[in-house]
Protein chains: 2
Amino acid sequence: MARIDPSITPAAETAAAAGDLQAMSVDFFVSFVQVFGLPKSIGQIYGLLFVSAEPLPMDDIVGRLGISKGSASQGLALLKSLGAVTSRSVPADRREHFEADLNVSRIVTHFFENRLQPRLEHGDRRLEEMMELARAAKRETKGGGATAVLTRIQALQKWQKRGRNLLPMVVRWLKR
Amino acid sequence: MARIDPSITPAAETAAAAGDLQAMSVDFFVSFVQVFGLPKSIGQIYGLLFVSAEPLPMDDIVGRLGISKGSASQGLALLKSLGAVTSRSVPADRREHFEADLNVSRIVTHFFENRLQPRLEHGDRRLEEMMELARAAKRETKGGGATAVLTRIQALQKWQKRGRNLLPMVVRWLKR
DNA sequence: CCGGTCGTTCAAATCAAAATGAACAAACAG
DNA sequence: CTGTTTGTTCATTTTGATTTGAACGACCGG
């Protein structure tokens with residue numbers, strides 16, 4: 001059952017076909033996670049686990065991908081927190097073994113809820129404040145461009161609202 | 001009509017209120033564009049133009065934001081290409097003057113069509129290739145995990161398709 | 001034409017994010 | 001207990017992206 005020798009750094013493997021598949025998967029997921037601004041290592045690890053027939057321990061991951069123990073540890077921690085990877089225990093082996101969970105929506109939802117939502121909310125508050133200042137400016141100055149700015153901010157608020165409505169729809173659609 | 005002295009670097013301005021509004025706008029748009037992975041300067045420039053009563057020439061932008069001529073030039077070029085900023089000519093002035101266009105959908109659509117779509121398409125091709133290799137692997141090896149991997153790739157393809165269906169829907173929804 | 005302003009380009013400097021790896025803690029085996 | 005293996009943390013290094021600024025070309029007014 002011994003896996004490929006992890007000391008051989010990159011991907012010098014048994015069957016060329018298997019190696020290619022792994023490389024492609026890694027590649028695919030690296031570019032996938034990068035869309036969401038996640039570090040490359042996340043994609044590498046997930047890509048490797050995705051095509052692996054059985055769960056892998058951390059040193060296999062380190063060995064096969066040629067990344068550091070630190071990266072692997074941190075990457076796996078994030079992936080677990082996303083629910084994208086689960087650890088499974090293997091009979092006569094003390095080490096934690098990892099397995100890819102195929103739930104794309106978890107990753108995407110995490111992105112929405114952690115990157116987008118907070119920004120949208122923070123944006124809301126700032127828009128309110130801007131509105132306030134703009135109104136004050138309008139009162140104080142005579143004609144000026146103050147009114148024009150006010151109108152713009154209002155338009156922005158409408159967009160903001162649109163965005164906030166759209167997001168949950170998208171999330172819901174992805175979940176089923 | 002003379003604007004604020006551009007030599008005074010950051011934002012030491014006439015009315016504190018006006019200054020705050022500008023700062024808030026810059027801030028707002030900086031964090032907005034960063035969601036889409038665009039450089040900060042883009043957000044700064046757009047934020048400034050957004051609250052400016054009249055179109056501004058490049059040196060005003062450089063002066064008020066305290067950024068370099070190079071950044072301003074490049075940033076404005078991108079913003080123009082996005083259709084987020086338009087240049088307008090001002091009577092007795094040779095310089096190009098810039099004005100913010102309030103079309104959020106342009107920016108977002110650009111992001112979708114330029115960052116997401118290409119990746120999705122590239123992803124499609126890679127998934128096809130992976131599928132091919134996995135099928136080959138299945139034929140060659142006896143039982144193995146080859147079948148399991150094949151199933152996973154198929155599931156991924158389904159997700160990929162979902163994504164490709166969702167995007168145009170979102171874009172359409174944003175456009176009106 | 002000619003001097004000067006305006007704007008772009010690009011190599012080099014700067015900055016922020018990610019990866020590394022050594023030191024450390026926890027879990028276990030004997 | 002004690003020595004070993006496994007996994008985490010975090011200061012340092014690396015890497016990639018953005019910003020800078022100087023050099024350049026285009027354009028205009030006189």
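Chain naming here is simple, since letters A, B, ... match the order of the sequence lines and numbering starts at 1 in each. This is a predicted model, so every value here is computed, not measured.
The residue B/Q74 sits close to a base: some heavy atom pair falls under 4.0 Å. Across all strands shown, B/I67 has heavy atoms under 4.0 Å from sugar-phosphate atoms exclusively, and none from any base.
Out of D/dT8, C/dA19, C/dC6, the shortest distance to the side chain of A/K80 is found at D/dT8. The side chain of A/S73 sits closest to D/dT8 out of C/dG7, D/dG7, D/dT8.
To the nearest 0.5 angstrom, B/F50 atom CZ is 9.0 Å from B/L21 atom CG. Rounding to the nearest 0.5 Å gives a distance of 12.5 Å between CZ of B/F32 and CD1 of B/I42. Annotation: the span from A/I61 atom CD1 to A/L56 atom CG amounts to 5.5 Å, rounded to 0.5 Å.
Taking only distance into account, the side chain of A/R94 never meets the base of D/dT6 through a donor-acceptor pair shorter than 3.5 Å. With hydrogens and angles ignored, a donor-acceptor pair under 3.5 angstrom links the side chain of B/K69 to the base of C/dT8.
In this model, the phosphate group of C/dG21 is not approached by any side-chain N or O of A/S68 to a distance below 4.0 Å at OP1 or OP2. Distances shorter than 4.0 Å separate some side-chain N or O of B/S71 from OP1 or OP2 on D/dT20. Phosphate contact (OP1/OP2 of D/dT19, side-chain N/O of B/S41, threshold under 4.0 Å): present.
Regarding A/K40, its NZ atom lies at a distance of 18 Å from the P atom of C/dA17, rounded to whole Å. A straight line from CD of B/E96 to C1' of D/dC27 spans 13 Å, rounded to a whole angstrom.
Within a 6.0 Å radius of NZ in B/K40, other residues, nucleotides and ligands contribute 12 heavy atoms or fewer.
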